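Reading through the structure tokens given below for one structure.
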Amino acid sequence: PETYQRAQPHVTATLTNGAEYTVTAQSSYASSAPSLVGVLGSGSGTVFAAPDGSPSGAADITATYGDALASANAAAALAFVGARAWAARG
């Protein structure tokens, strides 16, 4: 089985009156570089994942809620590959 680095989103919407609401489940997500950081699932079940063995790098993740967009940068590293290789030699 493949090993993945994973992260889950948390999205809040802030209204003009300052009120904040969690809208993770109602948002959709996209990656600017799916080969580095893929988007799996939807809503609150979304996971951003980098497959073991994929190249290191970064992708912009865009969350869309209604007409609003927000982006964040996600980095993927080969930490799991190195850890697995080290364990196999030990």
Side-chain angles (χ1 to χ4, degrees):
E2 289 187 89
T3 302
Y4 289 86
Q5 297 177 60
R6 296 175 181 255
Q8 289 188 292
H10 179 83
V11 181
T12 57
T14 305
L15 304 182
T16 55
N17 67 2
E20 288 188 3
Y21 297 93
T22 299
V23 294
T24 306
Q26 296 82 18
S27 299
S28 60
Y29 307 91
S31 172
S32 65
S35 63
L36 296 176
V37 180
V39 176
L40 309 172
S42 61
S44 58
T46 300
V47 174
F48 306 133
D52 190 15
S54 65
S56 295
D60 289 323
I61 303 295
T62 301
T64 304
Y65 173 70
D67 293 336
L69 298 174
S71 291
N73 192 264
L78 295 176
F80 288 109
V81 174
R84 191 168 67 185
W86 177 83
R89 284 192 299 259

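Quick note: numbers below take in every heavy atom, side chains included, and nothing from hydrogens, waters or symmetry partners. Since the model is a prediction, treat every value here as computed from it, not as a measurement.
- Between the side chain of T12 and the main chain of E20, no donor-acceptor pair closer than 3.5 Å is present.
- Here the shortest heavy-atom pairing between I61 and S31 reads CD1-CB, 3.8 Å.
- More than 12 heavy-atom neighbours from other residues, nucleotides or ligands sit within 6.0 angstrom of CG on N17.
- The two residues V11 and T24 have their closest heavy-atom pair at N-OG1, 2.8 Å.
- For G43 against Y29, the heavy-atom pair with the smallest separation is O-CE1, 3.7 Å.
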